[in-house]
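To start, the structure itself, in structure tokens.
One-based numbering, in listed order, for ligands and for the atoms of each. One-based numbering along the sequence shown.
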Amino acid sequence: MSNIGNYEERYKTFTWEQAERELNYRPGGVLNIGWYCSDRICDSGKGDKPALIWEGMGGIEKRFTYHDIRRASNTIGAFLRGLGIQPEDRVCLFMDKIPELYLGVLGILKIGAIGQPLYSAFGDESLFVRLDNAQTKAVITQKKHAPKVRKILDKLPHLQHLIIVDHDGKPLKDREIAFSLEKSEPVEKLEIHPTLAESPSLLHYTSGTTGLPKGVKHVHYSLLSQYMTARWALDVREDDIFWCTADPGWVTGTSYGVIGPWVLGVTQCVLDAGFSAEAWYRFIEKNRITNWYSAPTAIRSLMKAGEEIIKKFDLSSLRALSSVGEPLNPEAVIWSERVFGKAFLDTYFQTETGSIMITNYQGMKIKPGSMGKPFPGTTAVVLDQKTFEPHKESGKIGLIALKPGWPAMMRTYWNNEETYQKKFKNGWYITGDRASIDKEGYFWFVGRDDDIINTGGHLVSPFVVESALIEHPAVAESAVVSKPDPINMEVVKAFVTLKAGFTPSADLDLEIMNFIRKKLSPLAMPQEIEFTDALPKTRSGKIMRRILKAKEWGEEIGDTSTLEND
Ligand code: PRX
């Protein structure tokens, strides 16, 4: 039996007061995520349970119990406080997926400061824009990433401290300071800052098509959403060994790579060593991972690596598999069911929503290609794009919109309330994505507003075309965009990467076209297939269709700071 039990029943009866009661939170009282994710678990007698099993390059491993993460986060919190970091000051975490990153999030939250996690792969320009916007007071980093911060330090008058967690003893410059978790005196007791539900917690930067990246402000009350969704959407259980593959530079990595598992007192694993199918399967086997949360880009890479390799590993520990970040192609769901004996369940959310909003649930009927149904305690609809009223008939494509009011909803964009306000119409939060809802209430993702193709007045979903393409045995990944056309204004163009052993040719092009012709309406058929070695992606693995599209249309590419290979 899954944690959620009967979805329909839960959807009818659940209110957020239930989560408040379960977490012993009294409205108006103190609520601190850092405390909930460590001290509270220890207070309940589970201090000796493993909280984090971390593996870095070369197979080195570090293990932390709940007592360890409580103490380590206290130690980091006390150090920051000692430097003069005040509640609501922004502290940036600019590190690889090392333990200090995870423990640092809790430490920052415990003293009431705001955590600002950023991908360690960001270059100095991308970093500057985000630190400048947030007027960040301290950056915690590793010595290998410190030069990027040093380069922009002079342009950042608010940045008072550059904290290096693995300093090698060389002389430090002005504003620089070394901190070693291992060498510091552990702090047993830290006065937790009495944050309230609406006190800010994390600032996550998200880039749109145009303009500068926006800082999405979250608050401590988000804990309730992350707690419930980890339990009911991801089906995280007390005895799980949980693995969220996302980097905390991305909201998935904090909501479900820090807060979700730890508020539930679960053991989680982190692998801080690049991607390879072999390394990932070995990690699952070694740690007996039971609950795995990943993304379509990774799943497609695993599919590309083939099925033979899977036979080398014992992956029988896996119980619950979920995916987020992009639409999950039906082929990936069917594949995972075949090779792991478990389907990846698709979950949908955004940096702005802070927690999973529309999702499939263990035990509920799965329709491959569908995002599932709204999470209990939330209302999701598709709106007519002109009237902003919910579509009355099923099957009609509209704007995915959510009724504001769930705990993890962003509270504003940092220093940009105007853009935040523009996200609301007619009392709805507009996500910027489109979908349809079928007769049984399942949501079917169509595309982001910017990605949908309008060919001669007919809307074509890039996701549907891409899903047809990757069913072909030669196709590894695809991205479908519009290109200009004198008659239809826009027509469909497909970019395709091939699996190992296949080479581009006119024959293959024709074969793929004939293959998808049987699956797609004539209007959705690509006019052209372009074979390519790689697709442009964000660091979280999303295909950046707008870059391919801009090239087709001869337009400016726009902000590329989250591009994987910049
Ligand atoms: O377009 C949707 C896509 O990713 C966007 C949110 O991106 P980001 O803020 O980086 O994500 C944070 C956590 C996932 C959405 O507006 N997206 C995300 N999940 C799905 C998805 N598209 C389709 N299906 C999904 N499951």
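Judged as a ring pair (Phe, Tyr, Trp, His ring centres under 6.0 Å), and not counting sequence neighbours, the contacts of Phe14 are Trp16, Trp232. Take Tyr442 and apply the ring pair (Phe, Tyr, Trp, His ring centres under 6.0 Å) test, not counting sequence neighbours, and it matches no residue. Among residues two or more places apart in sequence or in another chain, the side chain to side chain donor-acceptor pair (under 3.5 Å) test is passed with Thr455 by none.
For Phe340 and Trp335, the ring centers sit closer than 6.0 Å to each other.
Put simply, the side chain of Leu302 reaches to within 4.5 Å of the side chain of Phe275, judged on heavy atoms. Side-chain contact between Leu399 and Trp428 is absent, with no heavy-atom pair separated by less than 4.5 Å.
Listed as neighbours of ligand 1 are Trp250, Val251, Thr252, Val324, Gly325, Glu326, Pro327, Asp346, Thr347, Tyr348, Phe349, Gln350, Thr351, Met371, Asp433, Phe445, Arg448, Lys542, each bearing a heavy atom under 4.0 Å from the ligand.
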